[in-house]
Each structure stands twice: as C-alpha cells, then as structure tokens.
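Everything below concerns the one structure shown next.
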There are 2 protein chains.
Amino acid sequence: MIELYLAEDQSMLNSALTQLLELEDDLHVVGSAGDGQTAWTEIQQLQPQVAILDIEMPGLSGLDVADQIQAAKLPTKVIILTTFAQKAYFERAVAAQVAGYLLKDSPSDDLIAAIRQVMAGATIYAPELVVNMLSADKNPLTERELAVLKAAAQGLPTKVIAAQLYLSAGTVRNYLSAIFSKLGVHNRLEAVQVAQRNKWLAS
Amino acid sequence: MIELYLAEDQSMLNSALTQLLELEDDLHVVGSAGDGQTAWTEIQQLQPQVAILDIEMPGLSGLDVADQIQAAKLPTKVIILTTFAQKAYFERAVAAQVAGYLLKDSPSDDLIAAIRQVMAGATIYAPELVVNMLSADKNPLTERELAVLKAAAQGLPTKVIAAQLYLSAGTVRNYLSAIFSKLGVHNRLEAVQVAQRNKWLAS
DNA sequence: AGTTGTTAGTGACAAATGTCATATTTTAAT
DNA sequence: ATTAAAATATGACATTTGTCACTAACAACT
C-alpha cells in the first residue's frame, strides 16, 4: 500500500484526484491540503511515501515544500504536478531533487503510473518538459517587467525604481511579485540571479 | 565669496571646521548639519557652491547625499571628508562624480586649498587613496561576515542563513548591517553586487 | 463582439529587512 | 596585562518587501 499526500489548491482537481487515486488498490491518500503551509506541516507528521505537489498554491509553493522536504531529509518522494511547462520551475524542481514532474494536461493514468514508477526508484519527467528544455529558454517576462527587474538588479529600492519608470511604488511591487511568481522565486536577489544566469539583463 | 555647506556628525569637528573656514576671507559657511537627511534638505534650499560631506552619518550617508545632489543636477560641488580610506567608499564617491575626496587626518589647510581648487574646476583626491587604489582592494569583511554575505548572495532569507551558520536571525541581520556599512550600501542586492565586482565571493 | 494579455493602479496585510543601542565572550595584538 | 577586534546575542523600531485581491484601460486576436 503506497501512502500518498496531495497538495493542490484547485479543490475540484484535489477531490477528483483523491477519489481516483483511492480507486487503485495499492494507493491510499493519507491527507491533502489546499495550501503549501498546511501541506508541509502535515507531510512532516504523516511522512507519506509520496507527496504530489502543485506549484501554484497560496503561501508556500510546491517547490518550496519540495525544498523543505529535501532539507529535512524526509523519506517522502515528491512528484510535482503543475499546469506550466516553465523552464524556471523545472530547474528548481530538479535542484530540489524531485522524483517526478508531471503536467496537469497529461491523463490521470500517467500520474498513477508515475507514482508506481517513482516508488520503484525511477525519476520521471513529462516529455513536454524535455522538449521545452531543449528549446531556447525564452524569457517569460514582459517588457515592463524586464525594465523593473533591470532596475532592481542595480540594488535600487522600490521608490527609486518607481520614480525612474514613472510608475507608482505599488505597481513596481506588483511587477516584482509577478516576476517572482514567473521565475518561481521569492525575492529580488533570487530573481536577479535567475535572470542573470539566463542573460536576460543584457544591455 | 564661496558658499559652503558642512555635513559632519562629529560635532566637535563640525564646529571647529566651521570656525576655521569662516576665518578665510573668501569662504562662508551657509549652513551645517549632523545628519544626512537635514543636510540634503538644506542643501536643496540653500544651493551652496560646495558641500563638504562626511560619510558616516545617521540616516543618509554622505555618499547618499552626493548621489542625490548628482541625481537632482544641483550645481553644488561635493567634497567628501572621511576617516576611512576604504576603496568601496571611494568607488561610490567617484561614481557620484564628487569633486573631491579628502581624509580627516590630512591637515585642515588641505581642505581649504581643496575648496578653492574645486571651485576652480579641479577634482582632487587624497594621495593616500590613490595608493590604496593601486594596492589590491583587500576585502574589509571578516570571515564570518563573508560567510553571511555568500549565503545572502544565494538569495536565501535571513532565517535560512541563520540556520545554515548556526547563528540567530538577529546576528545575521547585524552582520549584514555591518557589511552594508562597510561597503557603503543599504541592501543585500547592492552588497552582493559590490562583492561580486570585487570577486570576494569566489568559492 | 468577445476573449486574452499587458499595463497600471489601489489598498490591506504579513513578513522580512535594515538600523541602533547595548552586552558578553573569546581571541589577537601591544 | 591591558586593549582592541571579532563573534554572538537581544530587543526595539521604522521601513521595505512581498502577497493577494480587485479594478480598469487598451490593444491584439479569433
């Protein structure tokens, strides 16, 4: 019997998946959550064998939870389940040594198969991602976002950035927030690192 | 008559210098302050021909004020007057296009001479600094500070850095604050930039 | 005509960050 | 032996950041 934990904030999908997984004789969902914080707390307590994590969740993202699991050296294997084939996400997932990375638009049977394979020690990535990896890692930021990030990369505080681009401070923070979310990070420094590594800040 | 503004938080030196400068027939101190914020406000109002700025001051540092003056395109020329021959300071001063950079341990006549030369369009740097420039730019950080900065450079939040180095979060913030002050900056991103430019983060 | 994406903004809130003062202990230098 | 740095810590404080929800204008595309 494989013990599963499910973290997914889209409750429709959450409940549907739970039921579906329970139909399998060898799978059992021991818990589920709609946000990263609860997920992380419960995973520590329940120590499931596999945790299926969405990335986009309120509070801690699935990637954050994966980081935690790795840092705490829990035996729990992680399968990331997300809508987006963003390279930045995938990179972070690989860095967190997740056991699997699936897209929500693959059939649910794939997930079930993946769970069993992961338990058998395999590491599985959705084929779409591999394609995405090979293709140039196009920068997902809009022009304005890039401008903001460039300014932030100088170490300028929000107010100054806003003045420089003739925006309100709030807007700048919104842009930064959007950038972080696109790059799967949580602060300016990390965002700048990612952008620099991908040479998006040239000029 | 040359109009001067003096920003220096060591009030002993502040008053002494004011009197000394007033003794010169062609010099007049139109105002002085013990902190950067007041200095900047008053300089905008008074528009002195030359501003003599200490670096270490509460609130805005002299370098910050110099930045402001440059950004606002004021006609005021800036002479930085400081105790420390730190390269990082000097770099920032040059970037802010200051007209002069003197050390507090040079004779006060040097300052007076400098003021006149600066008004004549010259740019003057204390000779000690030039020496300091040529010698390797030794990093002013202690081992521990460097460790903290390296961690911060990864984009890690305070808590994580603290855990990683077995320190309290408060200590980490203190170290960072000390680092900022040594490098003449105000946030992690800037500090990382400076450190990276000087290759202090190798390994 | 309706959907989608980008740009821009506000407001509220929690969390993180930066600053300052201050204290103790250990280590290194005079 | 005394002094001076360095390492570590706490507490208080203001400011900055980051998140989230929600709105609205405008352009491009279907």
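In this text the structure is predicted, and so the values were computed from the model without any measurement. Numbers restart at 1 for each chain; the letters A, B, ... are given by sequence-line order, proteins then strands.
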Calculate the interatomic distance between [X] atom [atom1] and [N] atom [atom2]; express it in whole Å.
X: B:Lys182; N: C:dT19; atom1: NZ; atom2: C1'; value: 16 Å
X: A:Ile161; N: C:dA8; atom1: CD1; atom2: P; value: 14 Å
X: B:Asp35; N: C:dT19; atom1: CG; atom2: C1'; value: 14 Å
X: A:Asn187; N: C:dG18; atom1: CG; atom2: C1'; value: 15 Å
X: A:Glu145; N: C:dT6; atom1: CD; atom2: C1'; value: 9 Å

Would you check if the side chain of A:Asp67 reaches a backbone N or O of A:Asp64 as a donor-acceptor pair within less than 3.5 Å?
no
To the nearest 0.5 angstrom, please state how far the [atom1] atom of [X] sits from the [atom2] atom of [Y].
X: B:His28; Y: B:Ile2; atom1: NE2; atom2: CD1; value: 12.5 Å
X: B:Leu53; Y: B:Ile69; atom1: CG; atom2: CD1; value: 5.5 Å
X: A:Tyr175; Y: A:Leu149; atom1: OH; atom2: CG; value: 13.5 Å
X: A:Leu176; Y: A:Ile179; atom1: CG; atom2: CD1; value: 5.0 Å
X: A:Asp110; Y: A:Leu81; atom1: CG; atom2: CG; value: 10.5 Å
X: A:Thr123; Y: A:Lys77; atom1: OG1; atom2: NZ; value: 7.5 Å

Could you give all pairs that pass the side chain to side chain donor-acceptor pair (under 3.5 Å) test and reach residues 154-163 of chain B, with sequence neighbours left out?
B:Thr158-B:Arg188
Name all pairs fulfilling the salt bridge (charged side-chain N to carboxylate O under 4.0 Å, His left out) condition that reach into residues 168-180 of chain B, sequence neighbours left out, sorted by first residue then second.
none
Could you run down nucleotides 25-30 of chain C 5' to 3' and tag each one B, S or - for protein heavy-atom contact under 4.0 Å?
------
Check step by step if side chain to side chain contact (heavy atoms under 4.5 Å, CB included) holds for A:Leu17 and A:Glu8.
CA-CA 10 Å; A:Leu17 269 183; A:Glu8 162 63 61; 5.7 Å; no
Which residues in residues 164-176 of chain B have a heavy atom closer than 4.0 Å to any atom of DNA chain C?
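Those residues are B:Arg173, B:Asn174.
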Return the residues of residues 189-196 of chain B meeting this criterion: a heavy atom under 4.0 Å from some atom of DNA chain C. Order them by number, or give none.
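Heavy-atom cutoff 4.0 Å gives no residues at all.
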Minimum-distance pair of heavy atoms, taken over all atoms of [X] and [Y]:
X: A:Leu6; Y: A:Asn14; answer: CD2-O, 3.5 Å
X: A:Gln193; Y: B:Gly155; answer: OE1-N, 4.3 Å
X: B:Glu3; Y: B:Gln47; answer: OE1-O, 4.3 Å

Contacted region of DNA chain D by chain B, from 5' end to 3' end of the hits, cut-off under 4.0 Å to heavy atoms, spans D:dA6 to D:dT10
Side-chain N or O of A:Thr142 less than 4.0 angstrom from OP1 or OP2 on C:dT6?
no
